[in-house]
Enquirer: 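My questions will all concern the structure given below.
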Amino acid sequence: MANSGSEKKLKLYSYWRSSCAHRVRIALTLKGLEYEYIPVNLVKGDQFGSVFRFVPEDFKEINPMGTVPALVDGDVVISDSFAIIMYLDEKYPEPPLLPRDLHKRAINYQASSIVLSGIQPHQNLAVIKYIEEKVNAEEKTAWVHTAITKGFTALEKLLVSCAGKYATGDEVCLADLFLAPQIHGAINRFQINMVLLLLVSTIVSGLEYFLRIISPNPWNP
Ligand SMILES: N[C@@H](CCC(=O)N[C@@H](CS)C(=O)NCC(=O)O)C(=O)O
């Protein structure tokens, strides 16, 4: 383990179905880091700090946004998957998550950002619950499908010229950490046919493979 010995163990606040937390779990696994897993049950409301079933303290003290993931490294508390992954990549540089080539690096940032801000917020639990309650279940499904389709149409254009075994070549990079859980969620949670949507089918098969190897059994706590 890259962080064994006298260093304090990292703590990850996570929910099994959270694609945002899943990105961080993949980064931790890739870097060979040991961590304590603290489940925050989003469906039961643990993120609001009112139900302390699993979370020992008020979760809003850890992340006032009330979302997972959150990482605790000694006195350092970070929430937001992108910030956490960048922190881990700088503290534990091997294997690097960003390519040396500046253009490929920018593509990694852009692909991650499409998932981070262009897709996931539209399918977030709080948002889809709101649409279901205020409008109806059909509108919720239509909304999620539209957001995922729009995002992956853009990703397809962005990645078509640089994809290899993985999104930006033959090495696992930052973009893959965002894409793999998003594709997995789109297929398994929202029943979207990604092979039709994502024409770069090598990416789909590469990422599915990658997901199985790197993060076994991601859909169970
Ligand atoms: N930009 C944040 C988004 C975090 C986020 O929205 N997490 C979702 C799970 S993927 C969540 O905790 N949702 C709780 C809720 O909607 O109440 C990140 O990447 O960490």
Side-chain angles (χ1 to χ4, degrees), residues 10-30 35 37-55 57-73 76-90 97-98 108-135 137 140-141 143-145 147-148 151-152 155 167 173-190 192 211 215 218-221:
L10 298 164
K11 281 195 213 171
L12 179 70
Y13 290 79
S14 174
Y15 179 58
W16 66 279
R17 201 175 57 181
S18 156
S19 60
C20 307
H22 195 185
R23 300 164 192 160
V24 175
R25 295 204 301 272
I26 296 172
L28 289 162
T29 307
L30 273 176
Y35 62 98
Y37 183 102
I38 303 170
V40 178
N41 191 323
L42 298 182
V43 173
K44 290 188 174 150
D46 286 353
Q47 71 274 35
F48 306 119
S50 50
V51 183
F52 304 143
R53 223 178 323 268
F54 298 113
V55 184
E57 58 273 87
D58 188 335
F59 183 66
K60 284 276 185 85
E61 296 290 319
I62 304 283
N63 181 11
M65 286 296 284
T67 56
V68 294
L71 183 88
V72 177
D73 181 13
V76 177
V77 182
I78 314 166
S79 45
D80 191 276
S81 60
F82 189 81
I84 296 171
I85 292 168
M86 290 291 106
Y87 173 81
L88 292 174
D89 201 37
E90 283 172 15
L97 294 175
L98 289 168
N108 269 276
Y109 288 136
Q110 191 179 339
S112 305
S113 177
I114 289 175
V115 176
L116 181 77
S117 57
I119 303 179
Q120 186 275 332
H122 298 286
Q123 65 178 49
N124 192 21
L125 186 63
V127 173
I128 59 177
K129 256 176 92 176
Y130 187 88
I131 299 175
E132 188 161 12
E133 279 166 23
K134 299 282 175 193
V135 192
K140 175 194 79 176
T141 306
W143 171 260
V144 170
H145 279 233
I148 294 178
F152 274 100
L155 284 164
C173 287
L174 184 73
D176 300 297
L177 274 56
F178 284 77
L179 283 165
Q182 182 59 54
I183 291 172
H184 204 268
I187 295 168
N188 292 288
R189 187 171 168 206
F190 298 113
I192 291 182
L211 201 63
S215 189
W219 295 96
N220 285 307

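Computed over heavy atoms, backbone and side chain alike; hydrogens, waters and symmetry mates excluded. Count residues from 1 along the sequence. Order of listing sets the numbers, starting from 1, for every ligand and every atom in it.
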Enquirer: Tell me whether Met65 reaches ligand 1 (any heavy atom closer than 4.0 angstrom to a ligand atom).
Expert: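 Distance cut 4.0 Å: Met65 fails for ligand 1.
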
Enquirer: Considering heavy atoms of the protein only, find what lies nearest to atom 9 (C) of ligand 1 and give residue, atom and distance to 0.1 Å.
Expert: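 Of the protein heavy atoms, Ser18 OG, 3.5 Å lies nearest.
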
Enquirer: Please report the closest heavy-atom contact between Gln47 and Leu125, naming both atoms and the distance.
Expert: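 Closest heavy-atom pair between Gln47 and Leu125: NE2-CD2, 4.4 Å.
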
Enquirer: Going by the order shown, which atoms of ligand 1 are within less than 4.0 Å of some heavy atom of Leu116?
Expert: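 Ligand 1 atoms under the 4.0 Å threshold to Leu116: 1 (N), 19 (O).
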
Enquirer: Within the distance-only criterion (no hydrogens, no angle test), does the side chain of Ser117 pair as donor or acceptor with the backbone N or O of Ser113 below 3.5 angstrom?
Expert: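 Here the side-chain-to-backbone pair exists.
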
Enquirer: Can you confirm whether Val40 sits close enough to Ile62 that some side-chain heavy atom of one is under 4.5 Å from a side-chain heavy atom of the other?
Expert: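 Of all side-chain heavy-atom pairs linking Ile62 with Val40, none is under 4.5 Å.
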
Enquirer: Per the side-chain contact (heavy atoms from CB on, under 4.5 Å) rule, which among Ile84, Leu28, Ile78, Asn63 passes with Pro69?
Expert: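 That would be Ile84; it is the only one of Ile84, Leu28, Ile78, Asn63 passing the side-chain contact (heavy atoms from CB on, under 4.5 Å) with Pro69.
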
Enquirer: Taking non-hydrogen atoms only, is Gln120 closer than 4.0 angstrom to ligand 1 via side chain, backbone, both or neither?
Expert: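 Side chain only; the backbone of Gln120 stays clear of ligand 1.
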
Enquirer: Under 3.5 Å between some N or O of ligand 1 and some N or O of Ala126?
Expert: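 Between Ala126 and ligand 1, an N or O pair is found under 3.5 Å apart.
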
Enquirer: For Asp80, which part has a heavy atom under 4.0 Å from ligand 1: side chain, backbone, both, or neither?
Expert: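 It is both backbone and side chain that touch ligand 1.
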
Enquirer: Hey, does the side chain of Asp46 reach the backbone of Asn41 with a donor-acceptor pair shorter than 3.5 angstrom?
Expert: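 Flag set: sc Asp46 to bb Asn41 pair under 3.5 Å.
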
Enquirer: Compare every heavy atom of Ala147 with every heavy atom of Ile119, then report the nearest pair and how far apart it is.
Expert: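 Minimum heavy-atom contact is CG1-O, 4.1 Å.
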
Enquirer: Which protein non-hydrogen atom lies closest to atom 15 (C) of ligand 1, naming both residue and atom, and how far is it?
Expert: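 Going atom by atom, the protein heavy atom closest to atom 15 (C) of ligand 1 ends up being Gln47 NE2, 3.8 Å.
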
Enquirer: Taking only heavy atoms of Pro69 into account, list the atoms of ligand 1 that are under 4.0 Å away from them.
Expert: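 What qualifies from ligand 1 is 20 (O).
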
Enquirer: Are any of the N or O atoms of Ser81 closer than 3.5 Å to those of ligand 1?
Expert: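 Min N/O separation from ligand 1 is below 3.5 Å for Ser81.
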
Enquirer: Sub-3.5 Å donor-acceptor pair from the side chain of Trp143 to the main-chain atoms of Ile128, do we have one?
Expert: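 Checked: no pair found.
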
Enquirer: Relative to the heavy atoms of Arg23, which atoms of ligand 1 are at a distance of less than 4.0 Å?
Expert: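 It comes down to these atoms of ligand 1: 19 (O).
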
Enquirer: Within a reach of under 6.0 Å around CZ of Phe190, are more than 12 heavy atoms found that belong to other residues, nucleotides or ligands?
Expert: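 Yes, because the 6.0 Å sphere around CZ of Phe190 holds more than 12 heavy atoms from other groups.
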
Enquirer: Applying a heavy-atom cut-off of 4.0 Å, say which part of Val127 lies close to ligand 1: side chain, backbone, both or neither.
Expert: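 Neither part.
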
Enquirer: Do any nitrogen or oxygen atoms of Thr67 come within less than 3.5 Å of a nitrogen or oxygen of ligand 1?
Expert: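 Checking ligand 1 against Thr67, no N or O pair falls under 3.5 Å apart.
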
Enquirer: Nearest 0.5 angstrom please: Ile183 CD1 to Ile192 CD1, how far?
Expert: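 With rounding to 0.5 Å, CD1 (Ile183) is 11.5 Å from CD1 (Ile192).
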
Enquirer: Checking a contact table here: which protein heavy atom is nearest atom 13 (N) of ligand 1, and how many Å away?
Expert: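 The protein heavy atom lying closest is Asn124 OD1, 2.9 Å.
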
Enquirer: What do you reckon, does Val68 have a nitrogen or oxygen under 3.5 Å from a nitrogen or oxygen of ligand 1?
Expert: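 Yes, Val68 has an N/O under 3.5 Å of an N/O on ligand 1.
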
